[in-house]
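Written below as structure tokens is the structure these notes are about.
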Protein chains: 2
Amino acid sequence: MEQPLPIDQIVLGDCVESLRRLPSESVDLIFADPPYNLQLEGALTRPDNSLVDAVDDDWDRFASFAEYDDFTRAWLAECRRVMKKTATLFVIGSYHNIFRVGTAVQDLGFWILNDIVWRKANPMPNFRGRRFTNAHETLIWAARGMDARNYTFHYEALKAGNEDTQMRSDWFLPLCTGEERLKDAAGRKVHPTQKPEALIARALIAATNPGDVVLDPFFGTGTTGAVAKKLGRRFVGLERDPAYADAARARIAAVEPLDPRAVSAAPSRRTEPRIPFLSLVESGLIAAGETLVDAHEKHCATVRADGTLVVGPAVGSIHKVGALVQGHPSCNGWTFWHVLRDGSLVSIDELRGDYRARHSMAA
Amino acid sequence: MEQPLPIDQIVLGDCVESLRRLPSESVDLIFADPPYNLQLEGALTRPDNSLVDAVDDDWDRFASFAEYDDFTRAWLAECRRVMKKTATLFVIGSYHNIFRVGTAVQDLGFWILNDIVWRKANPMPNFRGRRFTNAHETLIWAARGMDARNYTFHYEALKAGNEDTQMRSDWFLPLCTGEERLKDAAGRKVHPTQKPEALIARALIAATNPGDVVLDPFFGTGTTGAVAKKLGRRFVGLERDPAYADAARARIAAVEPLDPRAVSAAPSRRTEPRIPFLSLVESGLIAAGETLVDAHEKHCATVRADGTLVVGPAVGSIHKVGALVQGHPSCNGWTFWHVLRDGSLVSIDELRGDYRARHSMAA
DNA sequence: ATACCCACTGAATCACGAT
DNA sequence: AATCGTGATTCAGTGGGTA
């Protein structure tokens, strides 16, 4: 029944059935752009203008929503099974369906990390002037469960690309138009809801590493596959419509991957190898017996030969002693403590950098 | 059982019970700010070790999603009964609860007109660097039913106050801080989740006429009442906590109604939008993998897909890497770095100008 | 008066690997 | 599975005090 992952391929057929054939805990990210349920829209716009019994009306509506909810729960449950413990899920939708999707996400045990707003630079105006311009769509970003805490998230890379401030939950991006929009020979758009590559690229950059497998259960014309290939990720696409799948295949074949140096995971403090403070003492970058001070020279401590610090009667790690002298529950000793070098204060974190550079340790 | 509307009064007691005593089809707008069911576990500290003052009030604790859903359906059903046929409903929430609220809104037969995003000018950062900054909340705006087409909406006024362009579904507003935030004698905030008046004002300007009755079933410290009075509308407030109700009463008493001629759409606040370098890469103005150089072509760096630069082993923002290659403590990457265009060097600041011009973004 | 510095704050589902 | 030690992590804004 279960088959190996069809890497960089498009699987034709019903999305839920195809998902059932994928192995458990095998993909690193899911990007899903599910249908808005046209059947539901049909049911709700049924010509019944006379003000009939409201209860009947409600029941009819609820029955239609129930069908959409069943479908949503089916594909989301299979997605969750297929996700690695470190994987996350993106789902995009609008107010027509996103509330039902979000409820299902929570009910199935996913743990929502953020909802993200795609603010459209060039939305379709509201022609009749009866509503606000519908200028955004919503993405839900969720981990597999409440206890799935070590998901991939390139916080530092996103921050560095965003004026050195945290990436927010509202993303301003243009619609998919112009060159990027797939057109058929007659100039008609191939898919009605093609998403911009930039949107999916930001999701992939945030939550995957190069080589990771990205599953898109509603592949359409393959935007997720095209972005994955460009960014050095792999993909698995599920699609029901052979015409969309053909268009996607041709599109992805034409994609040129970026240079690996442009897409590799940037080093972060979290991913760099740990250096024991003792190593700095052993290497002579810091001398046993030397005095450490904080940046304001309010507190000081003495370095012992075993890599611990001493203040009065207290002995402990750079972190423990840093916390102690400040009266805090915790402290990052690397950034708190400094030494005097050439008349000015240098943080021991900088010396740790020197040590790393000197030994150029493989991570 | 049913009583006349308690106009411009605060009704003490359980929200659902109080709603049951209000007459059917009697109010013109409902603004609801229900508990979010945050599900917070441990304490959270900032990087400086200070404690985040979290919402840990009893009123926000629910045993399960099912219990929260029951509560949500109960108050929403009564709200729908109380609404005039021309009335609309605003509900505000975050990703913790808004999907469940939206599902209930749809199941009860409301007709969603828009979801609206309140983009916070000054949100609380993500202190652990494990998620995107949670920088927005969501409002659902709904009519009583799909057939309720003649609801109040001041399209023209909003457009006139918005640089003569349609008001979008994303609203950029600061948090409620400073003078506006209610404090007790000891200087502590009276209510943990007081909303900015500007947010509710925009909703009331959009969807009510002067003299209309605005019902707020979770009145708290009465922001809705204060805004209604200021804008020449009337209010009905339901509140469980007598201390909140007292604060609200005093607050509203101090409000001076605006001159009737001034009760129109408020102009929106505008600021120069900050452009992330990533946006230039995403938009294609600069290509991932492209080389940046300084004006004297002494230094160069490669652009990565995530909007960072790479030089040798170093990866960072345009500013950080610019500083690094020059050996300076800081650098304005926008003016330092250039790209080759048509045989001559163009600063990326110029490209940023092109981007701004192209998108003329609403802040 | 003005400028600068520091402390404080906001609806928050906020670490992770070794043992 | 649970515990423990290391050590990673913040933005826009208000307001008070000091130079």
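First the proteins, then the strands, lettered A, B, ... as listed; each starts at 1.
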Could you give the distance separating C/dA11 and D/dG15 at their C1' atoms, to the nearest angstrom? 23 Å
Would you indicate what A/Ile112 reaches in the nucleic acid, counting non-hydrogen atoms under 4.0 angstrom: base, sugar-phosphate, or nothing? base
Roughly, in whole Å, what's the span from CG in A/Asp170 to P in D/dA12? 12 Å
Separation of B/Asp48 atom CG from D/dA8 atom C1', in whole Å? 14 Å
Are the charged groups of B/Arg240 and B/Asp14 less than 4.0 angstrom apart, N to O? no
In whole Å, what separates the P atom of D/dT9 from that of C/dT9? 25 Å
Spell out yes or no: do the side chain of B/Lys195 and the base of C/dA11 have one donor N/O and one acceptor N/O closer than 3.5 Å? yes
Sugar-phosphate, base or nothing in reach of A/Arg168, heavy atoms under 4.0 Å: nothing
Quantified in whole Å, what is the C1' atom distance between nucleotide C/dA1 and nucleotide D/dG17? 15 Å
Counting primed atoms plus P, OP1 and OP2 as sugar-phosphate and everything else as base, spell out the protein contacts along nucleotides 14-19 of chain C at 4.0 Å heavy-atom distance: B, S or - for each nucleotide, 5' to 3'. BSS---
Going by ring-ring contact (aromatic ring centres under 6.0 Å, His included), name the residues that satisfy it together with B/Tyr244, two or more places apart in sequence or in a different chain. B/His191
Ionic contact status for A/Glu290 with A/Arg341, cut-off 4.0 Å: yes
Length of the line joining B/Lys120:NZ and D/dG13:C1', which is rounded to integer Å: 15 Å
